[in-house]
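Below is one structure, written out as structure tokens; the observations come after it.
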Amino acid sequence: MEFTSARASQRYSEIVARVDEVVVGLDFDGVLSPIVEDPTQALIHADAPQVLIDLSDLVRAVAVVTGRPARQVLALGGLDEVGDAIGDHGKELFVFGQYGNERWSSTQRRVISPRPPHGLSTFERELPALLRRSGASEAFVEEKGLAVAVHTRRLPDANEAFSRLLEPMSELAHAHGLIVEPGRNVIEVRSDGQHKGHAVQTLVKEQAAGGFVFAGDDLGDIEAFEAVAELREQGLATLLVCAASDEQSALLPLADVIVPGPDGVLDLLRQLTADARG
């Protein structure tokens with residue numbers, strides 16, 4: 001792992017020293033699972049379940065905070081089984097899906113979700129015509145229940161298609177009272193008012209956390225990074241981890257630690273577990 005400064009290295013040491021008060025929040029895609037062309041096949045890294053189980057023995061709680069639907073992440077990550085093992089340690093695993101709009105925990109065992117946002121169904125009906133007009137009718141459209149995402153990764157020039165679609169999709173979304181969340185070759189449309197930063201705040205309050213680690217890789221993690229930075233100003237021990245990629249650099253200037261994708265995240269969590277055990 002690469003610390004961005006001497007102060008960042010000190011922040012890591014503070015997390016180690018207060019590990020039993022720390023909540024660890026992790027994005028899924030690009031952090032616990034590799035980015036793949038077919039998002040329905042983005043399985044969790046083979047080493048991640050055991051790394052999370054080992055870590056949970058030391059920290060206050062572990063949470064997956066993702067833009068994906070909670071049920072989808074549970075399936076792709078085998079998180080039901082991981083939650084069982086974490087429960088054996090007397091700890092709890094949380095999943096905050098769709099930017100915090102959905103919630104699951106290893107003790108409750110059910111997904112709590114609101115109704116789909118007003119205007120989403122109309123947006124979805126109008127989306128195919130927009131894709132045809134933009135020459136992107138082959139883009140993969142993922143319906144999430146509370147949101148819809150258009151993936152350009154499979155198209156011949158994914159970056160160019162992304163740029164071509166962003167403005168018309170934004171205009172259509174705003175016409176229906178929705179917001180746009182751009183990502184790594186994906187444009188997601190959803191309701192306003194909820195983001196990953198709120199999930200961070202909820203976890204800190206409910207777990208009475210004295211520290212927070214968050215690892216992310218994309219634009220949708222910025223609010224979580226900002227929420228953790230606010231906690232730092234309040235005196236909590238914090239660490240911000242960027243799972244770096246060639247596709248997205250927005251988190252680099254905000255991060256304390258830079259690691260190479262999911263492999264790097266898991267190496268950091270292993271190191272944190274080892275250092276905390278002494």
Side-chain angles (χ1 to χ4, degrees), residues 23-33 39-44 48-49 52 56 61-84 86-87 91-121 123-124 141-151 173 176-184 186-207 209 212 214-228:
V23 173
V24 177
L26 304 157
D27 187 16
F28 188 76
D29 292 275
V31 173
L32 290 177
S33 73
T40 66
Q41 300 301 312
L43 300 175
I44 196 169
L52 296 182
S56 72
V62 176
V64 177
V65 185
T66 174
R68 282 185 181 267
R71 290 181 180 85
Q72 193 177 78
V73 169
L74 288 167
L76 292 171
L79 296 181
D80 276 306
E81 293 78 8
V82 175
D84 286 338
I86 288 177
K91 301 295 177 67
E92 193 166 10
L93 174 68
F94 295 91
V95 174
F96 285 82
Q98 304 212 42
Y99 299 90
N101 280 296
E102 296 181 328
R103 175 172 174 156
W104 175 94
S105 74
S106 54
T107 55
Q108 287 187 324
R109 294 286 171 169
R110 66 188 182 92
V111 175
I112 300 173
S113 178
R115 293 179 179 274
H118 179 73
L120 183 62
S121 60
F123 175 89
E124 290 177 328
V141 178
E142 180 186 7
E143 296 182 1
K144 296 185 173 185
L146 300 180
V148 60
V150 175
H151 298 261
H176 294 294
L178 305 168
I179 65 168
V180 168
E181 186 76 58
R184 294 167 62 179
V186 60
I187 304 169
E188 182 164 324
V189 173
R190 59 185 177 88
S191 63
D192 197 0
Q194 184 63 281
H195 54 66
K196 292 184 181 183
H198 294 153
V200 168
Q201 294 162 357
T202 296
L203 283 162
V204 169
K205 181 178 180 180
E206 293 184 356
Q207 299 300 309
F212 208 101
F214 192 89
D217 75 310
D218 208 349
L219 293 170
D221 298 308
I222 287 178
E223 288 89 353
F225 270 47
E226 292 174 342
V228 173

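Side chains are part of it too, since the values below use all heavy atoms of this structure and drop only hydrogens, waters and symmetry mates.
- Side-chain atoms of Gln98 come within 3.5 Å of backbone N or O of Lys144 as a donor-acceptor pair.
- Each of Val23, Val65, Val24 was evaluated against Phe214; a single residue qualifies, Val65, per the side-chain contact (heavy atoms from CB on, under 4.5 Å) test.
- A salt bridge links Glu206 and Arg103; the closest N-O separation between the charged side-chain nitrogens and carboxylate oxygens is under 4.0 Å.
- Contact annotation: the side chain of Glu226 approaches that of Ile222 to within less than 4.5 Å [non-hydrogen atoms, C-beta and beyond].
- Closest of all the heavy-atom pairs between Val148 and Glu124 is CB-OE2, 3.8 Å.
- Scored by the side chain to side chain donor-acceptor pair (under 3.5 Å) test, Gln72 finds Arg68, Glu142 as partners (sequence neighbours excluded).
- Within the 4.5 Å cutoff, side-chain heavy atoms of Pro117 are placed close to those of Leu178.
- Remark: side-chain polar atoms of Ser106 are not paired, donor with acceptor, to backbone N or O of Gly87 under 3.5 angstrom.
- More than 12 heavy atoms of other residues, nucleotides or ligands lie within 6.0 Å of CZ in Arg109, so this atom counts as buried by the packing criterion.
- In this structure the side chain of Glu81 never reaches within 4.5 angstrom of the side chain of Pro49, judged on heavy atoms.
- With salt bridges taken as basic N to acidic carboxylate O contacts below 4.0 Å, one links Asp217 and Arg184.
- Using a distance-only test at 3.5 Å, with no hydrogens or angles considered, a donor-acceptor pair links the side chain of Glu102 to the main chain of Ala70.
- Under the 4.5 Å side-chain criterion, counting only non-hydrogen atoms from C-beta, Arg190 is not in contact with Leu146.
- Nearest approach of Val186 to Ala149, heavy atoms of both residues: CG2-CB, 3.8 Å.
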